[in-house]
Amino acid sequence: MKKFFIIILDPNSDSTLVRAKIGELGDYYNIYNNQYLVCLDCDNAQELYNKLQPNNISPVGIVIFGASIEGLTYWGYSDKGLWAWLQTHLNTH
């Protein structure tokens with residue numbers, strides 16, 4: 001079952017490899033350069049972390065929050081692209 005995740009990268013570290021791995025996950029939305037939204041099949045945040053940060057790569061500052069899509073609420077002020085992405089990925093499941 002798909003879940004919603006927020007990935008926050010340390011803006012002070014070189015996260016080039018992690019950013020490339022986020023792109024490999026599929027459809028994502030990039031917010032404020034170091035924050036990503038993804039909706040994918042992962043059991044929990046640790047499983048997603050392990051996909052983004054393999055053991056053979058030096059750790060980069062990553063924080064991941066995960067939530068069930070059902071019952072998820074959101075509100076705020078941002079560009080229209082964010083709201084369209086959320087509408088497409090969260091409200092249709």
Side-chain angles (χ1 to χ4, degrees):
M1 177 193 302
K2 288 191 174 190
K3 292 189 179 175
F4 175 74
F5 295 93
I6 299 170
I7 303 168
I8 303 171
L9 303 177
D10 179 354
N12 299 315
S13 65
D14 181 8
S15 56
T16 305
L17 294 174
V18 174
R19 290 174 192 268
K21 290 206 169 282
I22 291 171
E24 294 171 7
L25 293 173
D27 196 18
Y28 66 89
Y29 194 86
N30 182 223
I31 304 175
Y32 309 128
N33 196 35
N34 70 322
Q35 300 168 27
Y36 294 82
L37 303 179
V38 294
C39 183
L40 56 110
D41 287 320
C42 261
D43 290 333
N44 54 51
Q46 183 177 1
E47 180 182 340
L48 178 53
Y49 177 89
N50 292 339
K51 288 182 179 187
L52 297 175
Q53 188 68 63
N55 292 333
N56 59 344
I57 297 176
S58 297
V60 174
I62 303 173
V63 175
I64 301 173
F65 297 98
S68 171
I69 292 174
E70 293 178 14
L72 181 69
T73 63
Y74 52 89
W75 193 261
Y77 182 81
S78 189
D79 65 81
K80 291 181 181 181
L82 171 61
W83 306 121
W85 189 92
L86 287 167
Q87 184 75 26
T88 300
H89 291 82
L90 301 181
N91 290 341
T92 59
H93 297 286

Under 3.5 Å, sequence neighbours excluded: what are the donor-acceptor pairs made by side chains of residues 38-48?
{"residue": "D41", "atom": "OD1", "partner": "K2", "partner atom": "N", "Å": "3.1"}
{"residue": "N44", "atom": "OD1", "partner": "Q46", "partner atom": "N", "Å": "3.1"}
{"residue": "N44", "atom": "OD1", "partner": "E47", "partner atom": "N", "Å": "2.8"}
{"residue": "E47", "atom": "OE1", "partner": "D43", "partner atom": "N", "Å": "2.9"}

Gap between atom [atom2] of [Y] and atom [atom1] of [X] - 0.5 Å precision:
| X | Y | atom1 | atom2 | answer |
| --- | --- | --- | --- | --- |
| N34 | I7 | CG | CD1 | 11.5 Å |
| Y29 | L86 | OH | CG | 8.5 Å |
| I62 | D10 | CD1 | CG | 10.0 Å |

Identify the two heavy atoms, one from [X] and one from [Y], that lie closest to each other, and give their separation to 0.1 Å.
| X | Y | result |
| --- | --- | --- |
| S13 | G61 | OG-N, 4.1 Å |
| F4 | L72 | CD2-CD2, 3.5 Å |
| Y32 | S78 | OH-OG, 4.0 Å |
| W83 | Y74 | CZ3-CD1, 3.6 Å |
| K21 | L52 | CD-O, 3.6 Å |
| N30 | N33 | ND2-O, 3.5 Å |

Inset, instruction - Name all residues meeting the side-chain hydrogen bond (donor to acceptor under 3.5 Å, both in side chains) criterion together with Y36; count only those two or more places apart in sequence or in a different chain, and write none if there are none. - result: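 With sequence neighbours excluded, Y36 shows a side-chain hydrogen bond (donor to acceptor under 3.5 Å, both in side chains) to R19, given in chain and number order.
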Legend entry - Partner of D14 by side-chain contact (heavy atoms from CB on, under 4.5 Å), out of V18, T16, L17: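 It is T16; the other options fail the test.
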